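Below is one structure, written out as structure tokens; comments come after it.
Counting convention: from 1, in listed order, for ligands and their atoms alike. Given the structure is predicted, the values throughout are model-derived calculations rather than measurements.
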Amino acid sequence: MSHVFPRHTKAALPTVSGGTGVYLYDTDGKEYFDGSGGAAVSCLGHGDPDITAAITRQIESAAYAHTSFLTSQPAEMLAEKLAAHAPGKIDRVYFVSGGSEAVEAALKLARQYYWEKGETGRKQFIARRQSYHGNTLAALATGGNEWRRAPFAPLMIETSHIAPCYEYRGRRDDESAIEYGLRVANELEAEILRLGPENVIGFVAEPVVGATAGAVPPVEGYFKRVRQICDQYGILLILDEVMCGMGRTGTLFACEQEGIEPDIITIAKGLGAGYQPIGAMLCSAEIYDTIAGGSGFFQHGHTYIGHPTACAAGLAVVEKLTGSGLVARSARMGERLQDALADAFGQHPHVGDIRGRGLFRALEIVEDRETKAPFDPKRAIHSRIKKAAVEAGLFCYPMGGTIDGVNGDHVLLAPPFIIEDAHIDEITSKLKTALDRAL
Ligand code: PLP
């Protein structure tokens, strides 16, 4: 009998026995195509010898050193690399162990930034519905994922949620994509004015929405308008790239494609590629200098921040992503995956939308393509698809509540960047089997 406290107490899971490239294996010998990299984590696939070697070297020299006593070369080098590639004035990198910690650090840093400036009345974050920013309390409060938030609602910090930029569901027939983007971006301005700009700390958003709504990219101009509004009212723009960052959407930072410069960015998942648990919060020189010139101390920290072995893994991953063309490969193979999905499911009676960027793609499942009506949530279509996909030997990432936290289903795909053309055929054919069985 197991003593592990699992995610779901009623699921009987197979045990992993190994992983090579795009495949994972269980102890019964079954092979699974890792079509979602777990939860958009394994961007390099499994068993990459370069990452293993970098981790081994670091463990053999100094596995761990507490950051109140020592810095480490991997942390210094990884920070330098990330800052060099990050957009705009992003200059400092705070290493943590995962996505929720990165978001939590971002929220606290943003609050402390204004506190250092004497603007202590600022306490409000604005975020979006149908987003996810992590499971720690402040990150969960910022996220707009209703079913995840519900049990903990009394513990939440106060956060406002405006509409997402979700063209398939939100754009009216009488407006262009650009008009739609401006309309939903302007909800930010309305909310800032309602709260009083002097009370607002910042706006938090995923550049491409991940698991909650399924690889939803913004429309052109949306984030430019958001940046304009943040500047006009003097609030911070915090972009959560925990899922969509590190090359997943075809550029190292997802926001590069929006032509904007955020004040704070969070990353995780693909940064360690699953080889080590690592995340990071990156901030502008101005924010860092405000802390440095004020109290001199970010009132935060965990035992494992800047973990040398995790940073060594992250450094090897980012070197591989940027130095061997893997980010460009994500963009290129992502287009091929989109075409293959369109060929396979473009006319499917229950696939309403096929979307995403790079190797971050999703199918939105509907009962009726014409009306976009979702399936009755009681049918838990996403769970059925997941089960059928696993049976067919495919790990993908289906989720329910796509539209509003209750209604809607989607299937997220986030395969490793090393996929070949034949793998794309394998994904689409196994997914087809799964959809046929589940629907
Ligand atoms: N932010 C986003 C956009 C995410 O997708 C996730 C996880 O899925 C998180 C934050 C939380 O990251 P973690 O699960 O590593 O704590």
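- Using a 3.5 Å distance cut-off with no hydrogens or angles, the side chains of S160 and E191 do pair a donor with an acceptor.
- Geometrically, K30 does not engage Y25 in a cation-pi contact, judged by NZ or CZ lying under 6.0 Å from the ring centre and within 45° of the ring axis.
- Under a 3.5 Å cut-off, the side chain of Q338 and the backbone N or O of I354 do form a donor-acceptor pair.
- Stacking of R171 on the aromatic ring of Y180 is not recorded, the 6.0 Å distance cut-off and the 45° axial limit not both being met.
- Listed by number with element, the atoms of ligand 1 under 4.0 angstrom from any heavy atom of D240 are 1 (N), 2 (C), 3 (C), 10 (C).
- Near M243, meaning under 4.0 Å from one of its heavy atoms, ligand 1 places the atoms 5 (O).
- In summary, the atoms of ligand 1 found under 4.0 Å from a heavy atom of K269, numbered by their order in the structure, are 5 (O), 6 (C), 7 (C), 8 (O).
- Which parts of ligand 1 touch V242 is read off a 4.0 Å heavy-atom cut-off, strictly below it: atoms 1 (N), 2 (C), 4 (C), 6 (C), 9 (C), 10 (C), 12 (O).
- Any N or O atom pair closer than 3.5 Å counts here, and S100 shares at least one such pair with ligand 1.
- The atoms of ligand 1 that sit less than 4.0 Å from any heavy atom of E206 are 3 (C).
- Of the options G99, A211, G210, the smallest heavy-atom separation from atom 15 (O) of ligand 1 is shown by G99.
- Annotation: cation-pi pair R329/F417 absent, no NZ/CZ under 6.0 Å from the ring centroid and within 45° of its normal.
- Between the side chains of D26 and S17, no donor-acceptor pair of N or O atoms lies under 3.5 Å.
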